[in-house]
Amino acid sequence: PLNMVKVIKDHCQNLRRSVIIAFQGGYPYWLALGMAIAFCIHQGQIILTQKTLVKTVENQVGLISPSKEHERRGESFECDWFPDYQTDCEVMLNARLPLDTPRRTLHKKRWLFFGDSTMKRLFEFSALRTNLVVEPFKSLSRQFQHPDPCWEEEARNGLLCQQRMSTRCQLNDFLDLQYAEEWKMPDLTKFEGPLKYGLLNSYCTDCSGCASNFLDCQIQQLFELDPVRQTCDRKRLTYGGYMSIEFARDVEIQTPMYSTTQENIAEYLRHSWNDPTSPLMKDWGLPICVINTGNHDAMLPDITLEDFIKNVKWYLNIYRYQCAHIIWLSNTAPAIDNTNYVQTQQLMVQYDNAVKDLIANTRSLRRMMSYINVFDASTKWPHADHIHMDNDWYARLGQWFVTSFMR
């Protein structure tokens with residue numbers, strides 16, 4: 001045994017070889033595996049959490065199943081997020097998101113969150129709004145006594161931002177969009193929203209707590225040859241916000257050009273955020289988009305799973321041209337209570353699994369989309385009501401986005 005220990009320690013750089021040596025030395029396979037792991041850890045070669053360690057060993061030893069072959073090639077697009085364990089999601093997104101460029105010391109990126117009141121609460125009740133809207137806006141407009149030096153430098157280099165906020169009605173106004181000559185009712189054969197307040201009041205949302213809030217920025221041409229430089233010690237600089245989209249397909253916002261909210265917001269992004277000729281686009285690139293839908297779609301009369309996915313595919317195919325990367329954030333689990341809501345845990349799991357399959361089986365989506373499952377974690381977390389989680393849930397999830405990818 002002592003000789004075997006020495007051999008294993010000599011080969012800790014190659015875990016697979018260490019296991020094979022121990023196995024050939026007459027030890028049972030799992031004992032050999034355990035010995036190799038133990039001594040490699042002792043030498044400081046592997047410093048990982050328990051969950052990540054198991055996956056690393058599987059990859060090193062070649063035990064990974066064919067169904068996980070894409071993970072071994074670094075192509076995994078999905079992960080499970082938990083309030084007390086985010087390593088898998090952090091590793092996956094860091095490998096897929098276009099966050100950093102090698103020749104920049106300060107990496108700039110814009111983030112937009114699209115969804116109903118569950119997404120709005122994530123944005124509002126966490127550090128997301130402060131990081132994406134409040135801090136950059138107040139720093140750029142010099143409302144802070146001691147503005148962030150990174151944003152102060154951006155202001156000196158010509159970045160100007162206005163904060164846009166919607167109300168429940170007159171939705172076209174906050175995007176400076178022209179109104180259609182006549183607001184058309186949703187097409188029931190296409191399973192379009194709105195259903196309630198927005199159906200009775202044109203250009204209004206069904207949701208009473210889904211006001212959009214984001215920054216709209218441009219870079220003005222400066223005539224100074226040598227702008228003043230400040231010391232910026234941050235790795236990343238981000239701005240963006242939240243845009244209300246309650247359904248996979250709805251007609252709340254209508255213009256002479258398009259009859260759906262999804263198409264009109266995409267058109268706004270195309271000419272205001274993503275103009276390829278603008279200095280802003282050259283400096284900041286396309287935004288990263290976090291999207292979710294399902295809770296409102298479930299209430300549409302006679303909608304089937306196939307109808308829902310058809311609309312989701314239509315939605316995503318529009319936004320893949322306006323986003324550098326799309327993160328699909330799964331629905332949280334509805335509460336198990338005595339209510340008669342149509343949103344059940346079984347239905348929302350079906351919705352989320354169908355979206356995940358859509359991404360996996362559509363090449364154009366899979367190469368630029370990631371899927372984060374928060375449903376499992378939410379089943380054991382306190383709820384505020386049937387649909388919404390408590391504030392601590394949103395605070396933790398939003399803080400994770402900020403600290404892991406935005407600072």
Indicate whether any N or O donor in one side chain lies under 3.5 Å from an N or O acceptor in the other, for D307 and T304. yes

Taken in chain and number order and not counting sequence neighbours, the residues that satisfy ring pair (Phe, Tyr, Trp, His ring centres under 6.0 Å) with Y341 are H386

Could you check whether any side-chain N or O of S278 sits under 3.5 Å from a backbone N or O of M281, counting only pairs where one atom can act as donor and the other as acceptor? yes

Just checking, is any N or O donor in the side chain of E263 or T260 under 3.5 Å from an acceptor N or O on the other one? yes

Listing, residues 194-204 side-chain donor-acceptor contacts under 3.5 Å, not counting sequence neighbours, or none:
unit_1, atom_1, unit_2, atom_2, d
N201, ND2, Y197, O, 3.0
Y203, OH, A180, N, 3.2

Determine which pairs satisfy salt bridge (Lys or Arg N to Asp or Glu O under 4.0 Å) with at least one residue from residues 384-407, sequence neighbours left out, and list them in order. E135-R407, D392-R396

Under the ring pair (Phe, Tyr, Trp, His ring centres under 6.0 Å) rule, collect the residues that match up with Y239, sequence neighbours excluded. W273, W284

Do the ring centers of W381 and W81 come within less than 6.0 Å of each other? no

Qualifying residues under side chain to side chain donor-acceptor pair (under 3.5 Å), relative to D187, sequence neighbours excluded: T189

Under the salt bridge (charged side-chain N to carboxylate O under 4.0 Å, His left out) test, residues paired with R249 that sit two or more places apart: E192

Which residues share a side chain to side chain donor-acceptor pair (under 3.5 Å) with S117, sequence neighbours left out: H388

Suppose we screen for salt bridge (charged side-chain N to carboxylate O under 4.0 Å, His left out). Which residues come up paired with K108, at least two apart in sequence or across chains? E154, D283

Under the salt bridge (Lys or Arg N to Asp or Glu O under 4.0 Å) definition, can you give me all pairs with a residue in residues 172-183, not counting sequence neighbours? R164-D176

Please step through salt bridge (Lys or Arg N to Asp or Glu O under 4.0 Å) for the pair R156 and E152, ending with a clear verdict. CA-CA 6 Å; R156 291 179 182 274; E152 191 172 14; 3.7 Å; yes

Under the side-chain contact (heavy atoms from CB on, under 4.5 Å) test, which residues partner V133, sequence neighbours left out? F123, R129, Q163, N213, L215

Please identify each residue that fulfils side-chain contact (heavy atoms from CB on, under 4.5 Å) with Q346, with sequence neighbours left out. T344, Q350

Centroid-centroid under 6.0 Å between F214 and Y242 rings: no

Parallel, tilted or perpendicular, judged at 30° and 60°: which one describes the rings of Y268 and H271? perpendicular

Test item: side-chain donor near acceptor, D216 and S272, under 3.5 Å: yes

Can you list everything that forms a salt bridge (charged side-chain N to carboxylate O under 4.0 Å, His left out) with K235? Sequence neighbours excluded, please. D100

Show, in sequence, the C-alpha distance, side-chain angles and deciding distance for Y351 and F308, and conclude whether the side chain to side chain contact (heavy atoms under 4.5 Å, CB included) test is met. CA-CA 8 Å; Y351 276 12; F308 172 70; 3.6 Å; yes

